[in-house]
Amino acid sequence: ELTKKSKNWCEFNLGNVRLGFLLNDFGDHYSGARSAVMFEFPEEEFHEYLDRAKVNGAKVIADNLNNPVLKSVLLLDPYGNEFELGIEGTHH
């Protein structure tokens, strides 16, 4: 079920999972994955999960926590896969 749609974003509900797609037209010049899975957490839990990812070997690629539109951190796991952790309710 399509639950959100805007010019650059669409989101679907898949049971208890939300799957979103963002059109990246921000002029970013990242190399590597063409897409990244994003996990959102309530603000009061966010840093716990971010610290956990780092302890398990993830490296920060881009810290967007100070960006009021994004409020997220893009990471690279030890196997070269990109993923993003965000603060729930602050995206799109």
Side-chain angles (χ1 to χ4, degrees):
E1 174 187 344
L2 181 64
T3 56
K4 290 184 183 177
K5 184 172 174 38
S6 67
K7 179 182 171 212
N8 295 338
W9 179 258
C10 64
E11 186 174 296
F12 300 87
N13 275 338
L14 306 170
N16 65 348
V17 174
R18 293 180 307 160
L19 176 63
F21 297 94
L22 172 67
L23 172 63
N24 182 352
D25 64 351
F26 307 115
D28 297 335
H29 299 285
Y30 297 119
S31 62
R34 299 255 182 232
S35 62
V37 174
M38 177 174 217
F39 302 95
E40 288 186 334
F41 300 100
E43 189 165 6
E44 61 274 7
E45 298 174 19
F46 176 79
H47 286 285
E48 173 187 341
Y49 286 99
L50 177 59
D51 292 343
R52 194 168 157 190
K54 290 177 182 179
V55 164
N56 284 292
K59 305 289 184 219
V60 173
I61 296 174
D63 182 337
N64 295 303
L65 288 175
N66 291 325
N67 181 325
V69 175
L70 297 176
K71 291 280 200 180
S72 65
V73 176
L74 184 62
L75 300 121
L76 188 68
D77 75 16
Y79 304 101
N81 302 298
E82 292 179 11
F83 66 101
E84 192 169 2
L85 301 181
I87 295 175
E88 190 174 68
T90 59
H91 299 88
H92 323 290

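At a threshold of 4.5 Å between non-hydrogen side-chain atoms, the residues Asn64 and Val69 do not count as touching.
Take Asp77 and apply the side-chain hydrogen bond (donor to acceptor under 3.5 Å, both in side chains) test, not counting sequence neighbours, and it matches Asn81. Taking Pro42 as the reference, Glu44, Glu45, Glu88 meet the side-chain contact (heavy atoms from CB on, under 4.5 Å) condition, with sequence neighbours excluded.
Atom CG of Leu50 is separated from atom CG of Leu85 by 6.0 Å, given to the nearest 0.5 angstrom. Once rounded to the nearest 0.5 Å, the distance linking NZ of Lys5 with CD of Glu11 reads 13.0 Å. Atom-to-atom distance recorded for Ile87:CD1 and Glu43:CD is 4.5 Å, nearest 0.5 angstrom.
Residues Leu75 and Ala58 approach most closely at CD2-CB, 4.0 Å, considering heavy atoms. When all heavy atoms are compared, the tightest approach of Ile61 to Glu82 is CD1-CG, 3.9 Å. When every heavy atom of Asp63 is checked against every heavy atom of Val60, the shortest pair comes out as N-CG1, 4.1 Å.
Residue pairs that meet the ring pair (Phe, Tyr, Trp, His ring centres under 6.0 Å) test with at least one member in residues 43-79, sequence neighbours left out, are Phe41-Tyr49.
In this structure, Asp51 places its CG atom where more than 12 heavy-atom neighbours from other residues, nucleotides or ligands lie under 6.0 Å away.
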